[in-house]
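See structure below.
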Amino acid sequence: MKKVLVSSCLLGNAVRYDGCHKAISHSLLFQWQKEGRIVAICPEVAGGLPIPRSPAEIIDARVVDCTGEDVTNAFDLGAQLALKLCQQHDISVAILKESSPSCGSSHVYDGNFSGTTVSGEGVTTKLLRQHGVSVFNESQLEQAAACLR
Ligand code: SF4
């Protein structure tokens with residue numbers, strides 16, 4: 001059975017910048033977990049960033065945290081490790097947390113740390129899509145399941 005890459009925070013792991021998680025409860029997710037089909041990653045932690053960490057946003061193709069530190073390299077490394085996982089497990093579908101500068105698939109924050117989102121995709125989502133992985137957000141599990149079929 002095909003595996004699915006899922007943002008670690010959506011699975012209840014406290015890996016977010018604020019030390020919290022964003023667990024979702026959905027029958028499809030439970031089914032995939034039971035079937036052993038889920039591969040989890042937090043690209044930001046995989047890329048070497050700590051928990052907690054300063055929130056970061058995409059600004060002019062770089063990723064900068066709210067203290068002004070450029071964290072692009074860590075985000076790029078996390079994206080590459082996510083891609084490697086997909087290649088190792090022959091994964092072509094991912095469910096990633098919307099609006100994150102790593103995992104966002106339709107929207108990301110606008111770079112002003114004002115809480116405003118704009119159309120766009122995170123660093124990991126962009127790399128995965130460039131390599132043919134279909135990326136969905138946490139509200140699109142049915143679409144992801146259809147894609148898996
Ligand atoms: Fe969740 Fe992705 Fe942010 Fe990690 S990088 S906390 S998996 S949204």
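Hydrogens, waters and symmetry mates play no part in the numbers below; they use all other heavy atoms, side chains included. Order of listing sets the numbers, starting from 1, for every ligand and every atom in it.
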For ligand 1, indicate whether the residue [X] contacts it via side chain, backbone, both or neither (heavy-atom separation under 4.0 Å).
X	value
Lys97	side chain
Glu98	neither
Ser102	side chain

[X] neighbourhood, listing ligand 1 atoms whose heavy-atom distance to it stays under 4.0 Å:
X	answer
Cys42	4 (Fe), 5 (S), 6 (S), 7 (S)
Arg16	6 (S)
Ile41	7 (S)
Ser100	3 (Fe), 8 (S)
Pro43	2 (Fe), 5 (S), 7 (S)

Assess whether salt bridge (Lys or Arg N to Asp or Glu O under 4.0 Å) is satisfied between Asp18 and Arg16, documenting all intermediate values.
CA-CA 5 Å; Asp18 57 3; Arg16 277 166 49 93; 3.4 Å; yes
For atom 2 (Fe) of ligand 1, state which one of Cys20, Cys103, Ser8 supplies the nearest heavy atom.
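Residue with the shortest heavy-atom distance to the ligand atom: Cys103.
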Evaluate side-chain hydrogen bond (donor to acceptor under 3.5 Å, both in side chains) for Glu98 paired with Ser139, printing each intermediate quantity in order.
CA-CA 9 Å; Glu98 189 60 276; Ser139 302; over 6 Å; no
Asn13 to Ser8 - nearest heavy-atom pair and separation:
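Residues Asn13 and Ser8, closest heavy atoms: ND2-OG, 3.0 Å.
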Protein contact of atom 1 (Fe) of ligand 1 - nearest heavy atom, named by residue and atom, plus distance:
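It is Cys9 SG, 2.3 Å.
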Is there a donor-acceptor pair under 3.5 Å between the side chain of Thr72 and the backbone N or O of Val63?
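Yes; at least one donor-acceptor contact below 3.5 Å.
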State whether the side chain of Thr125 and the backbone N or O of Cys103 hold a donor-acceptor pair below 3.5 Å, judged by distance alone.
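Answer holds: yes.
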Scan side-chain atoms only and decide if Glu121 and Ser105 contain a donor-acceptor pair under the 3.5 Å cut-off.
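On atom types as modelled, these side chains do not qualify, holding no pair under 3.5 Å.
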Please check if any side-chain donor atom of Gln31 sits under 3.5 Å from a side-chain acceptor atom of His26, or the reverse.
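Note: Gln31 and His26 side chains miss the donor-acceptor criterion.
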May I ask you to check whether over 12 heavy atoms, not counting those of Lys84, lie within 6.0 Å of atom NZ?
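Open.
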Is Arg53 near ligand 1, meaning one of its heavy atoms is under 4.0 Å from it?
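Right, Arg53 reaches ligand 1.
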